[in-house]
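Worksheet: the structure to be examined is printed underneath.
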Amino acid sequence: MAKPVSIQVWNPNGKYRVISTKPMPGTRWINLLIEQDCRVEICTEKKTILSVDDIIALIGNKCDGVIGQLTEDWGDTLFAALSRAGGKAFSNMAVGYNNVDVNAANKHGVAVGNTPGVLTETTAELAASLSLAASRRIVEADEFMRAGLYDGWLPHLFVGNLLKGQTVGVIGAGRIGSAYARMMVEGFKMNLIYYDLYQSTRLEKFVTAYGEFLKSNGEQPVYWKRASTMEEVLREADVISLHPVLDKTTYHLINKDSLATMKKEAILVNCSRGPVVDEVALVEHLKQNPMFRVGLDVFEDEPFMKPGLAEMKNAVVVPHIASASKWTREGMATLAALNVLGKIKGYPIWSDPNRVEPFLNENSPPPAACPSIVNAKALGLPVSKL
Ligand SMILES: NC(=O)C1=CN([C@@H]2O[C@H](COP(=O)(O)OP(=O)(O)OC[C@H]3O[C@@H](n4cnc5c(N)ncnc54)[C@H](O)[C@@H]3O)[C@@H](O)[C@H]2O)C=CC1
Ligand SMILES: O=C(O)C(=O)CO
């Protein structure tokens, strides 16, 4: 058993004990909990990733709800501990919840929250940044400059790819994938090919309308295509960005064979989850194809990179920062806190997790609902009429 971890306490006399396994940005989330009679305990332990034992020590004998992080392993052991302590609510401070065993939560009657919507644009913007950084070799050029190697303009110096008129491929055209597609189509006049299990009519309508607008201005229009297989996207796209959930259908979706299907000079961006890409196969592909470039925010064995990746000049790597804008991170903290608070207070579940703005308006109290509970149906929780 790990020794008890250090904590900061807010509102010590609050009736409901809510734990946050990490300090989170902003103070609104703390105030919202305190106003509703919660004692808030924030783990201030220096170590970045808490173990299951650390979290069990935090939960203790009485705990009404926990706000946790995507780095934590929320399985049967933790849900059993939370349930024994009287807890009925857990929320990830993340939209992705592949670190959570939802069946185990169901078994112990614990509601599982996530934070959709508030990070859509921020994450899409990072995917767009990685697309540009990779296509225009920005990191390589920056390193070259700082190393004092620049001794004058040259016709061949850091020549990269023009995006305009090329095709952007999106795999997983949900909230973030669609936002990214729109940025790339509108911002760089790229054509779109996408693959998803579901049709994205709104995205298609957007590209059609933008194409018509360009045409009416005498410019080359843009086009969209919904691919019937992922391979079609891999074959046709010049820039491919991955935005599906991580589950058993998307594990190693990009592997040796799929990499071989892509164009030799293609750009691959991953802002979804590391295991969507077979990183060992990717390193080999980067070695064999120096004109193939990659922009990665996530890694298969975070916080580590597979051997060889750090040495690859044709890879841009950043440490899982896609949702890291101040507004988004504060909003994620608010949504996670309101998921836990709402369940503690017996509020119903917000009917549309794609429309969370009312919870984020700092000038008015949030609706009396849980913004997003992924196992609401399994637990038979009522839906808000608001
Ligand atoms: N790097 C980062 O910091 C961040 C990463 N994420 C990741 O992005 C993921 C997506 O987030 P949202 O767009 O909000 O979720 P979403 O649920 O709106 O979109 C996911 C899409 O993936 C599609 N999909 C599922 N299985 C698929 C398959 N086998 N092939 C193709 N498409 C498939 C779904 O139909 C859906 O349209 C999250 O689950 C999370 O893992 C999200 C935010 C920040
Ligand atoms: O929300 C998520 O799923 C993340 O990866 C962090 O923003």
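Everything quoted here is computed from the prediction, not taken from an experiment.
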Between K189 and E219, does any NZ, NE, NH1 or NH2 come within less than 4.0 Å of an OD or OE carboxylate oxygen? yes

Over 12 non-hydrogen atoms of neighbours within 6.0 angstrom of CZ in F144: yes

The reported gap from CG in D238 to CD1 in I193 (rounded to nearest 0.5 angstrom) is 10.5 Å

Could you tell me if S135 and R293 have a donor-acceptor pair between their side chains, going purely by distance under 3.5 Å? no

Is the side chain of N314 donor-acceptor paired with the backbone N or O of L286 at a distance under 3.5 Å, no angle test? yes

When you measure from the side chain of D101 to the backbone N and O of A104, does any donor-acceptor pair fall under 3.5 Å? yes

Can you get from V52 to V112 by hopping between Ile, Leu, Val, Met, Phe, Trp and Tyr side chains that sit under 4.5 Å apart? yes

Ignoring hydrogens and geometry, is there a side-chain-to-backbone donor-acceptor pair from Y194 to S200 under 3.5 Å? yes

Where A111 and L381 come nearest, the two heavy atoms and their spacing: CB-CD1, 4.2 Å

Would a distance-only check, ignoring hydrogens and angles, find a side-chain to backbone donor-acceptor pair under 3.5 Å from N339 to S91? no

Would you indicate whether K287, at its atom NZ, is surrounded by more than 12 heavy atoms from other residues, nucleotides or ligands within a distance under 6.0 Å? yes

In Å and rounded to the nearest 0.5 Å, what is the NZ to CD distance from K313 to E143? 4.5 Å

Tell me whether R17 at atom CZ has more than 12 heavy atoms from other residues, nucleotides or ligands lying less than 6.0 Å away. yes

Spatial distance of atom CH2 (W10) from atom OG (S20) [nearest 0.5 Å]: 12.0 Å

Residue of the set V276, D278, V280 for which side-chain contact (heavy atoms from CB on, under 4.5 Å) holds with H252: D278

F158 atom CZ, neighbour heavy-atom count above 12 within 6.0 Å: yes

N217 atom CG, over 12 foreign heavy atoms within 6.0 Å: yes

Exercise: do E232 and S228 side chains pair donor with acceptor under 3.5 Å: yes

If hydrophobic clusters are built from ILVMFWY residues whose side chains come within less than 4.5 Å, do I176 and Y97 share one? no

So does D64 pair up with K88, basic N to acidic O under 4.0 Å? no

Rounded distance [0.5 Å steps], CG in L203 versus OG1 in T208: 9.0 Å

Return yes if a side-chain donor-acceptor contact under 3.5 Å exists between N114 and N92, otherwise no. no

Quick one: does any side-chain atom of T328 pair with a main-chain N or O of S325 as donor and acceptor, under 3.5 Å? no

Test applied, side-chain contact (heavy atoms from CB on, under 4.5 Å); reference residue, V40; option that passes from I7, I34, I19, V9: I34

Test side chain to side chain donor-acceptor pair (under 3.5 Å) on S131 and Y180; report intermediate values, then the result. CA-CA 10 Å; S131 306; Y180 166 83; 2.8 Å; yes

Any side-chain donor-acceptor pair under 3.5 Å between W350 and S372? no

What closest approach, in Å, do G96 and R273 show between heavy atoms, and which atom pair accounts for it? CA-NH2, 3.5 Å

Salt-bridge test for E140 and R137: reply yes if a basic N is under 4.0 Å from a carboxylate O, no otherwise. yes

Run R329 and S323 through side chain to side chain donor-acceptor pair (under 3.5 Å) and show every step you take. CA-CA 7 Å; R329 286 285 168 86; S323 67; 2.9 Å; yes

Should the pair R182 and F206 be classed as cation-pi, given the thresholds of under 6.0 Å to the six-membered ring centre and 45° from the axis? yes

Between N13 and D37, is there a donor-acceptor pair closer than 3.5 Å when you use the side chain of the first and the backbone of the second? no

When hydrophobic residues are tied together by side-chain contacts of less than 4.5 Å, even through go-betweens, does V66 share a cluster with L33? no

S129 side-chain N/O to E125 backbone N/O, donor-acceptor pair under 3.5 Å: yes

How about K62: does its NZ atom have over 12 heavy atoms from other parts shown lying under 6.0 Å from it? yes

With distance as the sole test, does N289 use its side chain to make a donor-acceptor pair with the main-chain N or O of E265 at under 3.5 Å? no

Anything under 30° is parallel, anything over 60° is perpendicular, the rest tilted; go ahead and classify W74 against F79. tilted

May I ask you to test the M190-K164 pair for a side-chain heavy-atom distance under 4.5 Å? no

Using a strict cut-off of less than 4.0 Å between a Lys/Arg side-chain nitrogen and an Asp/Glu carboxylate oxygen, indicate whether R355 and E357 qualify as a salt bridge. no

Any donor-acceptor pair under 3.5 Å from S51 side chain to D54 backbone: yes

Closest heavy-atom pair, E186 versus Y210, reported as atoms and distance to 0.1 Å, is O-OH, 3.0 Å

ILVMFWY network linking V18 to L58, side-chain heavy atoms under 4.5 angstrom: no

Quiz question: by atom type and distance under 3.5 Å, do the side chains of D196 and H243 form a donor-acceptor pair? no

Ionic contact status for K263 with E236, cut-off 4.0 Å: no

Could you verify whether a donor N or O on one side chain and an acceptor N or O on the other, from E41 and Q8, lie under 3.5 Å apart? no

Heavy-atom nearest pair, L32 first then L341, reads O-CD2, 3.9 Å

Is it the case that E231 and S258 place a side-chain donor and acceptor less than 3.5 Å from each other? no

Minimum-distance pair of heavy atoms, taken over all atoms of V340 and G65: CG1-CA, 3.8 Å

Around atom CZ of R136, are there more than 12 heavy atoms of other residues, nucleotides or ligands at under 6.0 Å? no

Closer than 3.5 angstrom, by distance alone: can the side chain of N191 be matched with the main-chain N or O of T167 as a donor-acceptor pair? no

